[in-house]
Amino acid sequence: MRDHAFYRSTPALLQAVDADGTILEVSDRWLTWLGYERAAVIGKSYTNFVSSKTIEQVQTILIPQLRRASEINDFEVTYLHASGNVRHALMAVSALRNEDGAFDHILLVLTDISERKRSEQLLLLISAGTANVMGDDFFRSLASYLAQAFDVRCALVTECVNQQLTRLRTLACFDNQQMIENFEYDLTGTPCEGVIAGSVCYYPQHLGMLFAREVGKEAFLGAPMHDSHGNVVGHLAIFDDKPLHLSERELTIMQIFATRA
């Protein structure tokens, strides 16, 4: 390969491998995306950095297709971050051949779709967990699956107790890996107050500094629930004791389930 500086400096998630799958070069952005140092990557097999399912798909689907066509687009793959987490991507593949038609090297350009995949998984998990339950069981299942899907300490579903909308009662509250007994509380001084006023409220961190009643909690997301006339009748909320950084897709999923509830 020539011009390694070009490969390294390109803003794309770029990877080049030889015909055997040995990594010849990667861009700096690729290294940042997966959390590796260059010395730990160059000269290693691509199989060290992707899931076993991706290895199988490359061998059984991608390579046979690449022998028939020099370019393949939108091939979905799963990479492994240095931390052990996964990264999902769509891969565009371009094969450069020698004069005899054999592979010289293969260029891979990745598009990160991790956020989209996480949102899809959230939606599927919560939907599956609440699909076959109704009434009180629905609220309990919803709280449980919300906590699990968003990986947070607490999830709750509430209803308004009075016409002044100043007090709430939980219909279900899942806290610290268990369903707890329902309770009532006043809205004043809580992040729930803005939700019952009709807004989706999201505090990714420093919740305890913003609301004195929430000392010890770090993050909050709440979405209002409405009746058929559009009146707020309660809310759906999650709390956590660590920062909670969510995408726009994930915020939308919360609103979807608040509407269903």
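When all heavy atoms of D241 and G216 are compared, the closest pair comes out as CB-O, 3.8 Å. Here the closest heavy-atom approach between residue R213 and residue D186 is recorded as NH1-O, 2.9 Å. Counting all heavy atoms, side chain and backbone alike, T78 lies closest to V86 at CG2-CB, 3.9 Å. Between V232 and L165, the shortest heavy-atom distance links the atoms O-CD2, 4.1 Å. Closest of all the heavy-atom pairs between C173 and F183 is SG-CE2, 4.0 Å. The two residues Y79 and L108 have their closest heavy-atom pair at OH-CD1, 4.2 Å.
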Report the C-alpha separation of V41 and W30 in whole Å, then their side-chain angles, then the decisive distance to 0.1 Å, and conclude whether the side-chain contact (heavy atoms from CB on, under 4.5 Å) test is met. CA-CA 10 Å; V41 174; W30 187 100; 3.7 Å; yes
Run T10 and R29 through side-chain contact (heavy atoms from CB on, under 4.5 Å) and show every step you take. CA-CA 8 Å; T10 181; R29 187 181 173 199; over 6 Å; no
For R87 and L110: C-alpha separation, side-chain torsions, deciding distance, then whether side-chain contact (heavy atoms from CB on, under 4.5 Å) applies. CA-CA 11 Å; R87 296 286 187 272; L110 307 174; over 6 Å; no
Apply side-chain contact (heavy atoms from CB on, under 4.5 Å) to the pair V233 and E159, showing each step before the final yes or no. CA-CA 6 Å; V233 293; E159 63 177 349; over 6 Å; no
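Every side-chain contact (heavy atoms from CB on, under 4.5 Å) that M179 has, sequence neighbours left out, goes to R140, S144, A172, F174.
R8 places a side-chain heavy atom less than 4.5 Å from the side chain of D28. Counting heavy atoms from C-beta on, the side chains of V200 and M254 never come closer than 4.5 Å. A heavy-atom distance below 4.5 Å is not found between the side chains of L221 and E250. Counting only heavy atoms from C-beta outward, the side chains of T158 and C192 never approach each other to under 4.5 Å. Within the 4.5 Å cutoff, side-chain heavy atoms of E25 are placed close to those of R38. Counting heavy atoms from C-beta on, the side chains of E37 and L31 never come closer than 4.5 Å. Between Y36 and V26, the closest side-chain pair of non-hydrogen atoms is not below 4.5 Å. Side-chain contact check for L62 versus V77: every heavy-atom pair is 4.5 Å or farther apart.
The cluster map of Ile, Leu, Val, Met, Phe, Trp and Tyr, joined by side-chain heavy atoms under 4.5 Å apart, puts I180 and L146 in different clusters. Each of F150 and F239 belongs to its own hydrophobic cluster when Ile, Leu, Val, Met, Phe, Trp and Tyr are linked at side-chain heavy-atom distances under 4.5 angstrom. F75 and L90 end up in different hydrophobic clusters when Ile, Leu, Val, Met, Phe, Trp and Tyr side chains are linked at under 4.5 Å. A continuous path of Ile, Leu, Val, Met, Phe, Trp and Tyr side chains, each step under 4.5 Å between heavy atoms, connects F139 with V152, placing both in one hydrophobic cluster. There is no path of hydrophobic side-chain contacts, each under 4.5 Å, that joins L13 to L80.
No side-chain donor from either of T22 and D20 sits under 3.5 Å from a side-chain acceptor of the other. In the model, S141 has no side-chain atom that pairs as donor or acceptor with a side-chain atom of D137 under 3.5 Å.
Atoms OG1 and CD, from T54 and E76 in turn, are 8.5 Å apart once rounded to the nearest 0.5 Å. Between the CG atom of L171 and the CZ atom of R169 there is a distance of 8.0 Å, given to the nearest 0.5 Å. Separation of atoms CD1 (I253) and OG (S247) is listed at 7.0 Å; rounding is to 0.5 Å. Going from atom SG of C160 over to atom CG of L168 covers 5.5 Å, rounded to the nearest 0.5 Å. A distance of 10.5 Å separates CG in L156 from CG in L142, rounded to the nearest 0.5 Å. Between H88 atom NE2 and R116 atom CZ the span is 10.0 Å, to the nearest 0.5 Å.
Looking only at distances, a side-chain donor or acceptor of D240 sits under 3.5 Å from a matching main-chain atom of R153. Proximity of a side-chain donor or acceptor of H229 to a complementary backbone N or O of N231 within less than 3.5 Å is not detected. Under the 3.5 Å distance criterion, the side-chain polar atoms of E218 are matched with a main-chain donor or acceptor of H206. Counting only distance, with no hydrogens or angles, the side chain of Y185 and the backbone of T190 share no donor-acceptor pair below 3.5 Å.
Aromatic ring pairs are classed by plane angle as parallel below 30°, tilted from 30° to 60° and perpendicular above 60°; the pair Y203 and F220 is tilted.
The side chain to side chain contact (heavy atoms under 4.5 Å, CB included) with R167 is formed by just one residue from the set L187, T188, N162, I196; it is N162.
Environment of CD in Q164: crowded, with over 12 heavy atoms of neighbouring residues, nucleotides or ligands closer than 6.0 Å. The local environment of CD in E184 is crowded, with over 12 non-hydrogen atoms from other residues, nucleotides or ligands closer than 6.0 Å.
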